[in-house]
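Given the structure is predicted, the values throughout are model-derived calculations rather than measurements. Letters A, B, ... are given to chains in the order of the sequence lines, protein chains preceding strands, and every chain is numbered from 1.
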Protein chains: 2
Amino acid sequence: MKVLNKETDYAVRALISLGMKSDGWVSAKALSDEQTIPYQFLRRILQELIRNGLVESKEGAGGGVRLAKEPGLIAVAEVIEIFQGKVQLSECMFRKQLCSNRANCVLRHEIMRIEKMVNQEFSQITIGKLIDDLKAVEAMKG
Amino acid sequence: MKVLNKETDYAVRALISLGMKSDGWVSAKALSDEQTIPYQFLRRILQELIRNGLVESKEGAGGGVRLAKEPGLIAVAEVIEIFQGKVQLSECMFRKQLCSNRANCVLRHEIMRIEKMVNQEFSQITIGKLIDDLKAVEAMKG
DNA sequence: AATTTCTGATACTAATTTAGTATCAGTTAA
DNA sequence: TTAACTGATACTAAATTAGTATCAGAAATT
Ligand code: FES
Ligand code: FES
(Lines give C-alpha, C1' and ligand atoms only; values in the text may rest on other atoms or scores of the structure.)
(Ligands and ions follow the chains in the order given, each with its own letter.)
Protein backbone atom coordinates (compact mmCIF):
# COMPACT_ATOMS: atom_id res chain seq x y z
CA MET A 1 0.00 0.00 0.00
CA LYS A 2 1.89 2.94 -1.32
CA VAL A 3 0.77 6.33 -0.03
CA LEU A 4 2.55 8.61 -2.49
CA ASN A 5 2.75 7.97 -6.19
CA LYS A 6 5.62 9.04 -8.44
CA GLU A 7 4.04 12.35 -9.38
CA THR A 8 3.66 13.42 -5.77
CA ASP A 9 7.09 12.10 -4.90
CA TYR A 10 8.79 13.94 -7.74
CA ALA A 11 6.72 17.05 -7.09
CA VAL A 12 7.79 17.20 -3.44
CA ARG A 13 11.42 16.70 -4.37
CA ALA A 14 11.22 19.39 -7.02
CA LEU A 15 9.59 21.79 -4.58
CA ILE A 16 12.28 21.14 -2.00
CA SER A 17 15.00 21.70 -4.51
CA LEU A 18 13.37 24.94 -5.64
CA GLY A 19 12.89 26.02 -2.06
CA MET A 20 16.58 25.60 -1.38
CA LYS A 21 17.56 27.91 -4.23
CA SER A 22 16.44 31.43 -3.50
CA ASP A 23 18.01 32.87 -6.63
CA GLY A 24 16.13 33.33 -9.91
CA TRP A 25 14.62 30.87 -12.32
CA VAL A 26 15.52 27.22 -12.55
CA SER A 27 14.89 25.39 -15.81
CA ALA A 28 13.03 22.11 -15.87
CA LYS A 29 16.08 20.62 -17.55
CA ALA A 30 18.36 21.62 -14.69
CA LEU A 31 15.91 20.30 -12.10
CA SER A 32 15.49 17.09 -14.03
CA ASP A 33 19.25 16.56 -14.11
CA GLU A 34 19.78 17.44 -10.48
CA GLN A 35 17.02 15.22 -9.17
CA THR A 36 17.25 12.54 -11.85
CA ILE A 37 13.58 12.86 -12.68
CA PRO A 38 12.58 12.03 -16.28
CA TYR A 39 12.48 15.38 -18.07
CA GLN A 40 9.13 15.21 -19.83
CA PHE A 41 7.48 13.74 -16.79
CA LEU A 42 8.84 16.53 -14.64
CA ARG A 43 7.65 19.12 -17.15
CA ARG A 44 4.10 17.86 -16.83
CA ILE A 45 4.34 17.84 -13.06
CA LEU A 46 5.67 21.39 -12.98
CA GLN A 47 2.90 22.57 -15.28
CA GLU A 48 0.41 21.12 -12.85
CA LEU A 49 2.10 22.82 -9.92
CA ILE A 50 1.99 26.06 -11.86
CA ARG A 51 -1.70 25.69 -12.62
CA ASN A 52 -2.27 25.19 -8.93
CA GLY A 53 -0.31 28.23 -7.93
CA LEU A 54 2.51 26.56 -6.03
CA VAL A 55 5.08 27.44 -8.65
CA GLU A 56 5.43 30.27 -11.13
CA SER A 57 7.22 30.26 -14.44
CA LYS A 58 8.91 32.49 -16.94
CA GLU A 59 8.95 31.54 -20.60
CA GLY A 60 11.81 31.85 -23.03
CA ALA A 61 15.57 31.65 -22.77
CA GLY A 62 16.83 32.26 -19.26
CA GLY A 63 13.39 31.41 -18.01
CA GLY A 64 12.31 28.54 -15.82
CA VAL A 65 10.37 28.04 -12.63
CA ARG A 66 10.48 29.10 -9.00
CA LEU A 67 8.29 28.75 -5.95
CA ALA A 68 5.27 31.02 -5.96
CA LYS A 69 4.95 30.91 -2.16
CA GLU A 70 7.16 30.66 0.87
CA PRO A 71 8.26 27.04 1.37
CA GLY A 72 6.73 27.19 4.81
CA LEU A 73 3.33 27.82 3.26
CA ILE A 74 3.37 24.82 0.96
CA ALA A 75 1.97 21.75 2.70
CA VAL A 76 2.61 18.26 1.47
CA ALA A 77 -1.15 17.71 1.81
CA GLU A 78 -1.72 20.21 -1.02
CA VAL A 79 0.68 18.36 -3.26
CA ILE A 80 -0.94 15.04 -2.50
CA GLU A 81 -4.34 16.45 -3.28
CA ILE A 82 -3.21 17.86 -6.60
CA PHE A 83 -1.80 14.59 -7.87
CA GLN A 84 -3.83 11.97 -6.05
CA GLY A 85 -7.01 13.65 -4.99
CA LYS A 86 -8.56 13.52 -1.55
CA VAL A 87 -7.97 10.44 0.57
CA GLN A 88 -10.95 8.12 0.33
CA LEU A 89 -11.95 4.51 0.88
CA SER A 90 -12.84 2.43 -2.11
CA GLU A 91 -16.54 2.60 -2.78
CA CYS A 92 -19.00 2.62 0.02
CA MET A 93 -18.11 -0.63 1.73
CA PHE A 94 -21.62 -1.78 2.42
CA ARG A 95 -23.58 -0.64 -0.57
CA LYS A 96 -26.51 -2.67 -1.80
CA GLN A 97 -27.78 -5.24 0.68
CA LEU A 98 -25.86 -4.28 3.77
CA CYS A 99 -25.49 -0.53 3.64
CA SER A 100 -28.44 1.33 5.03
CA ASN A 101 -27.90 4.89 3.91
CA ARG A 102 -24.70 6.74 3.30
CA ALA A 103 -25.78 9.93 4.96
CA ASN A 104 -25.89 8.70 8.54
CA CYS A 105 -23.60 5.72 8.35
CA VAL A 106 -21.56 5.38 11.53
CA LEU A 107 -18.76 3.43 9.92
CA ARG A 108 -18.27 5.91 7.22
CA HIS A 109 -17.89 8.65 9.79
CA GLU A 110 -15.33 6.65 11.70
CA ILE A 111 -13.28 6.14 8.62
CA MET A 112 -13.56 9.75 7.60
CA ARG A 113 -12.10 10.55 10.99
CA ILE A 114 -8.95 8.68 10.04
CA GLU A 115 -8.88 10.46 6.73
CA LYS A 116 -9.07 13.82 8.49
CA MET A 117 -6.25 12.86 10.83
CA VAL A 118 -4.00 11.93 7.96
CA ASN A 119 -4.78 15.09 6.06
CA GLN A 120 -4.15 17.14 9.15
CA GLU A 121 -0.77 15.55 9.66
CA PHE A 122 0.24 16.03 6.06
CA SER A 123 -0.94 19.63 6.30
CA GLN A 124 1.58 20.26 9.02
CA ILE A 125 4.48 18.94 7.00
CA THR A 126 5.46 21.82 4.75
CA ILE A 127 8.20 22.06 2.18
CA GLY A 128 9.85 24.58 4.49
CA LYS A 129 9.86 22.09 7.34
CA LEU A 130 11.31 19.40 5.14
CA ILE A 131 14.07 21.72 4.05
CA ASP A 132 14.89 22.62 7.64
CA ASP A 133 15.00 18.99 8.65
CA LEU A 134 17.17 18.15 5.70
CA LYS A 135 19.61 20.90 6.54
CA ALA A 136 19.72 19.75 10.15
CA VAL A 137 20.62 16.24 9.07
CA GLU A 138 23.30 17.46 6.70
CA ALA A 139 24.79 19.65 9.40
CA MET A 140 24.91 16.72 11.79
CA LYS A 141 26.69 14.63 9.21
CA GLY A 142 29.35 17.35 9.09
CA MET B 1 -6.28 8.30 -3.50
CA LYS B 2 -8.14 5.16 -2.72
CA VAL B 3 -7.29 3.55 0.60
CA LEU B 4 -8.89 0.16 0.16
CA ASN B 5 -8.76 -1.90 -2.99
CA LYS B 6 -11.44 -4.29 -4.16
CA GLU B 7 -9.92 -7.30 -2.49
CA THR B 8 -9.87 -5.65 0.92
CA ASP B 9 -13.30 -4.18 0.38
CA TYR B 10 -14.85 -7.52 -0.58
CA ALA B 11 -12.94 -9.29 2.18
CA VAL B 12 -14.30 -6.96 4.84
CA ARG B 13 -17.83 -7.32 3.53
CA ALA B 14 -17.51 -11.09 3.45
CA LEU B 15 -16.16 -11.15 6.99
CA ILE B 16 -19.01 -8.99 8.21
CA SER B 17 -21.54 -11.21 6.52
CA LEU B 18 -19.95 -14.30 8.04
CA GLY B 19 -19.80 -12.63 11.41
CA MET B 20 -23.50 -11.97 11.32
CA LYS B 21 -24.34 -15.63 10.74
CA SER B 22 -23.40 -17.71 13.74
CA ASP B 23 -24.77 -20.90 12.28
CA GLY B 24 -22.65 -23.42 10.34
CA TRP B 25 -20.86 -23.23 7.04
CA VAL B 26 -21.63 -20.71 4.33
CA SER B 27 -20.68 -21.56 0.77
CA ALA B 28 -18.70 -19.14 -1.35
CA LYS B 29 -21.56 -19.27 -3.84
CA ALA B 30 -24.09 -18.12 -1.25
CA LEU B 31 -21.80 -15.33 -0.05
CA SER B 32 -21.12 -14.27 -3.61
CA ASP B 33 -24.83 -14.04 -4.33
CA GLU B 34 -25.68 -12.25 -1.12
CA GLN B 35 -22.95 -9.64 -1.44
CA THR B 36 -22.87 -9.50 -5.25
CA ILE B 37 -19.17 -10.20 -5.33
CA PRO B 38 -17.85 -11.99 -8.44
CA TYR B 39 -17.75 -15.66 -7.49
CA GLN B 40 -14.24 -16.63 -8.61
CA PHE B 41 -12.80 -13.44 -7.23
CA LEU B 42 -14.43 -14.08 -3.88
CA ARG B 43 -13.14 -17.65 -3.86
CA ARG B 44 -9.58 -16.42 -4.18
CA ILE B 45 -10.13 -13.85 -1.46
CA LEU B 46 -11.59 -16.45 0.89
CA GLN B 47 -8.69 -18.79 0.25
CA GLU B 48 -6.34 -16.01 1.23
CA LEU B 49 -8.33 -15.33 4.40
CA ILE B 50 -8.17 -19.03 5.19
CA ARG B 51 -4.40 -19.16 4.68
CA ASN B 52 -4.12 -16.26 7.09
CA GLY B 53 -6.26 -17.88 9.71
CA LEU B 54 -9.16 -15.44 9.73
CA VAL B 55 -11.55 -17.94 8.19
CA GLU B 56 -11.81 -21.70 8.27
CA SER B 57 -13.33 -24.00 5.70
CA LYS B 58 -14.90 -27.37 5.24
CA GLU B 59 -14.61 -29.16 1.92
CA GLY B 60 -17.28 -31.12 0.10
CA ALA B 61 -21.02 -30.85 -0.20
CA GLY B 62 -22.60 -29.00 2.69
CA GLY B 63 -19.24 -27.43 3.37
CA GLY B 64 -18.23 -23.81 3.11
CA VAL B 65 -16.52 -21.24 5.27
CA ARG B 66 -16.99 -19.54 8.62
CA LEU B 67 -15.00 -17.16 10.79
CA ALA B 68 -12.07 -18.74 12.60
CA LYS B 69 -12.05 -16.08 15.32
CA GLU B 70 -14.47 -13.90 17.19
CA PRO B 71 -15.49 -10.95 15.00
CA GLY B 72 -14.24 -8.67 17.75
CA LEU B 73 -10.75 -10.09 17.31
CA ILE B 74 -10.50 -9.44 13.58
CA ALA B 75 -9.14 -5.97 12.90
CA VAL B 76 -9.55 -4.24 9.58
CA ALA B 77 -5.81 -3.52 9.78
CA GLU B 78 -5.11 -7.25 9.44
CA VAL B 79 -7.27 -7.48 6.36
CA ILE B 80 -5.60 -4.47 4.79
CA GLU B 81 -2.19 -5.95 5.44
CA ILE B 82 -3.11 -9.28 3.88
CA PHE B 83 -4.30 -7.76 0.63
CA GLN B 84 -2.37 -4.53 0.36
CA GLY B 85 0.67 -4.95 2.53
CA LYS B 86 1.91 -2.49 5.11
CA VAL B 87 1.19 1.18 4.62
CA GLN B 88 4.24 2.89 3.20
CA LEU B 89 5.29 5.98 1.31
CA SER B 90 6.58 5.56 -2.19
CA GLU B 91 10.32 5.11 -2.27
CA CYS B 92 12.53 7.15 -0.07
CA MET B 93 11.56 10.65 -1.07
CA PHE B 94 15.02 12.10 -1.03
CA ARG B 95 17.22 9.33 -2.25
CA LYS B 96 20.29 10.06 -4.31
CA GLN B 97 21.37 13.68 -4.30
CA LEU B 98 19.21 15.06 -1.53
CA CYS B 99 18.87 12.22 0.93
CA SER B 100 21.74 11.97 3.36
CA ASN B 101 21.19 8.58 4.92
CA ARG B 102 18.03 6.63 5.50
CA ALA B 103 18.96 5.42 8.93
CA ASN B 104 18.76 8.72 10.76
CA CYS B 105 16.49 10.67 8.46
CA VAL B 106 14.19 12.94 10.42
CA LEU B 107 11.59 13.18 7.71
CA ARG B 108 11.27 9.49 7.35
CA HIS B 109 10.55 9.21 11.05
CA GLU B 110 7.89 11.86 10.87
CA ILE B 111 6.19 10.09 8.07
CA MET B 112 6.42 6.73 9.75
CA ARG B 113 4.62 8.35 12.65
CA ILE B 114 1.64 9.01 10.43
CA GLU B 115 1.81 5.46 9.16
CA LYS B 116 1.71 4.13 12.70
CA MET B 117 -1.25 6.33 13.56
CA VAL B 118 -3.22 5.01 10.63
CA ASN B 119 -2.39 1.41 11.43
CA GLN B 120 -3.35 1.95 15.02
CA GLU B 121 -6.71 3.38 14.05
CA PHE B 122 -7.44 0.56 11.64
CA SER B 123 -6.44 -1.90 14.35
CA GLN B 124 -9.19 -0.59 16.55
CA ILE B 125 -11.86 -1.07 13.95
CA THR B 126 -12.78 -4.72 14.17
CA ILE B 127 -15.31 -6.73 12.22
CA GLY B 128 -17.23 -7.04 15.47
CA LYS B 129 -17.38 -3.28 15.87
CA LEU B 130 -18.55 -2.84 12.32
CA ILE B 131 -21.30 -5.38 12.86
CA ASP B 132 -22.44 -3.61 16.02
CA ASP B 133 -22.49 -0.26 14.26
CA LEU B 134 -24.38 -1.73 11.36
CA LYS B 135 -26.99 -3.23 13.65
CA ALA B 136 -27.36 0.06 15.49
CA VAL B 137 -28.01 1.90 12.25
CA GLU B 138 -30.53 -0.70 11.10
CA ALA B 139 -32.32 -0.50 14.45
CA MET B 140 -32.55 3.29 14.21
CA LYS B 141 -34.02 3.01 10.77
CA GLY B 142 -36.75 0.95 12.34
C1' DA C 1 -20.69 -46.35 -6.98
C1' DA C 2 -22.15 -42.16 -9.14
C1' DT C 3 -23.41 -37.59 -8.79
C1' DT C 4 -23.58 -33.20 -6.85
C1' DT C 5 -21.83 -29.61 -4.05
C1' DC C 6 -18.35 -27.85 -2.23
C1' DT C 7 -12.95 -26.15 -1.39
C1' DG C 8 -7.61 -26.11 -2.85
C1' DA C 9 -4.43 -24.61 -5.99
C1' DT C 10 -3.03 -22.07 -9.66
C1' DA C 11 -2.87 -20.10 -14.23
C1' DC C 12 -4.77 -16.87 -17.13
C1' DT C 13 -7.01 -12.54 -19.38
C1' DA C 14 -8.98 -7.91 -19.29
C1' DA C 15 -9.38 -3.38 -17.58
C1' DT C 16 -7.52 0.40 -15.39
C1' DT C 17 -4.06 3.23 -13.57
C1' DT C 18 0.47 4.93 -13.31
C1' DA C 19 4.70 6.08 -15.39
C1' DG C 20 7.00 7.82 -18.90
C1' DT C 21 7.57 9.86 -24.01
C1' DA C 22 6.87 12.82 -27.87
C1' DT C 23 5.48 16.81 -30.48
C1' DC C 24 4.51 21.33 -31.81
C1' DA C 25 3.47 26.05 -30.95
C1' DG C 26 4.84 30.19 -28.76
C1' DT C 27 8.03 33.31 -25.76
C1' DT C 28 12.20 35.61 -24.43
C1' DA C 29 17.22 36.63 -24.37
C1' DA C 30 21.35 36.95 -26.68
C1' DT D 1 17.72 34.48 -36.19
C1' DT D 2 18.84 31.16 -33.28
C1' DA D 3 18.96 28.81 -28.92
C1' DA D 4 16.90 28.01 -24.51
C1' DC D 5 13.01 27.94 -22.47
C1' DT D 6 7.53 27.03 -21.10
C1' DG D 7 2.33 25.82 -22.59
C1' DA D 8 -0.64 22.49 -24.11
C1' DT D 9 -1.78 18.08 -25.22
C1' DA D 10 -1.59 13.54 -27.26
C1' DC D 11 0.46 9.31 -27.02
C1' DT D 12 2.78 4.64 -25.54
C1' DA D 13 4.53 1.35 -22.21
C1' DA D 14 4.66 -0.81 -17.90
C1' DA D 15 2.60 -2.22 -13.81
C1' DT D 16 -1.13 -3.14 -11.00
C1' DT D 17 -5.75 -4.42 -10.05
C1' DA D 18 -9.85 -6.76 -11.14
C1' DG D 19 -11.93 -10.51 -12.74
C1' DT D 20 -12.14 -15.46 -15.15
C1' DA D 21 -11.20 -20.24 -15.94
C1' DT D 22 -9.76 -24.88 -15.02
C1' DC D 23 -8.80 -29.05 -12.85
C1' DA D 24 -8.14 -31.95 -8.91
C1' DG D 25 -9.95 -33.68 -4.69
C1' DA D 26 -13.28 -34.03 -0.47
C1' DA D 27 -17.66 -34.87 1.73
C1' DA D 28 -22.68 -35.49 1.57
C1' DT D 29 -26.54 -37.39 -1.04
C1' DT D 30 -28.66 -40.62 -4.02
S1 FES E 1 -20.51 2.01 4.06
FE2 FES E 1 -22.03 2.77 2.84
S3 FES E 1 -22.84 4.31 4.00
FE4 FES E 1 -21.64 3.23 5.32
S1 FES F 1 13.83 10.46 2.75
FE2 FES F 1 15.42 9.16 2.40
S3 FES F 1 16.11 8.78 4.33
FE4 FES F 1 14.86 10.44 4.51
Would you say A:S57 reaches D:dG7's phosphate, i.e. side-chain N/O to OP1/OP2 under 4.0 Å? yes
When the distance from [atom1] of [X] to [atom2] of [N] is rounded to whole Å, what number comes out?
X: A:E48; N: D:dT6; atom1: CD; atom2: P; answer: 16 Å
X: A:Q40; N: D:dG7; atom1: CD; atom2: P; answer: 13 Å
X: B:R43; N: D:dC23; atom1: CZ; atom2: C1'; answer: 11 Å
X: A:K58; N: D:dT6; atom1: NZ; atom2: C1'; answer: 11 Å
X: A:K2; N: D:dA15; atom1: NZ; atom2: P; answer: 11 Å
X: A:K6; N: D:dA14; atom1: NZ; atom2: P; answer: 16 Å
X: B:E59; N: D:dG25; atom1: CD; atom2: P; answer: 11 Å
X: B:Q84; N: D:dA18; atom1: CD; atom2: P; answer: 8 Å

Can you tell me which residue pairs pass the ring pair (Phe, Tyr, Trp, His ring centres under 6.0 Å) test with a partner in residues 41-71 of chain A, sequence neighbours excluded?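 Only A:Y10-A:F41 qualify under ring pair (Phe, Tyr, Trp, His ring centres under 6.0 Å).
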Tell me which pairs pass ring pair (Phe, Tyr, Trp, His ring centres under 6.0 Å) where either residue lies in residues 44-81 of chain B, with sequence neighbours left out.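 Passing the test, one end in residues 44-81 of chain B: no pairs.
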Let me confirm one number: the OG-CD1 distance from B:S17 to B:I37, rounded to the nearest 0.5 Å. 8.0 Å
Atom pair CE (B:M20) and CG (B:L130), whose distance is rounded to the nearest 0.5 Å: 11.0 Å
Note: for A:A61 and A:E7 on DNA chain C, the residue whose nearest nucleotide lies more 5' is A:E7
Taking only residues two or more places apart in sequence, or in another chain, which ones meet B:E121 in a side chain to side chain donor-acceptor pair (under 3.5 Å)? A:R113
Please report, to 0.1 Å, the donor-acceptor pairs under 3.5 Å made by any side chain of residues 65-82 of chain A, with sequence neighbours excluded.
{"from": "A:R66", "atom 1": "NE", "to": "A:E56", "atom 2": "OE2", "distance (Å)": "2.9"}
{"from": "A:R66", "atom 1": "NH2", "to": "A:E56", "atom 2": "OE2", "distance (Å)": "3.1"}
{"from": "A:K69", "atom 1": "NZ", "to": "A:E78", "atom 2": "OE1", "distance (Å)": "3.2"}
{"from": "A:E78", "atom 1": "OE2", "to": "A:A75", "atom 2": "N", "distance (Å)": "3.1"}

With heavy atoms under 4.0 Å as the rule, sort B:I50 into base, sugar-phosphate or nothing. sugar-phosphate
Contact class for A:K29 (heavy atom, under 4.0 Å): base, sugar-phosphate, or nothing? nothing
First contact, last contact: which nucleotides of DNA chain C are these for chain A, 5' to 3', heavy-atom distance under 4.0 Å? C:dA19 to C:dA29
How would you list, by chain and number, every residue that makes a side chain to side chain contact (heavy atoms under 4.5 Å, CB included) with A:K116, sequence neighbours excluded? none
Side chain to side chain contact (heavy atoms under 4.5 Å, CB included) involving A:A61 - partner list, sequence neighbours excluded: none
5'-most contact on DNA chain D (nearest-nucleotide basis), A:R44 vs A:G62, goes to A:G62
Would you please name every residue forming a ring pair (Phe, Tyr, Trp, His ring centres under 6.0 Å) with B:Y39, sequence neighbours left out?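 Here no residue qualifies.
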So what is the end-to-end bend of the helix from C:dA1-D:dT30 to C:dA30-D:dT1, with 5 pairs used at each end and the value given to 10 degrees? 10°
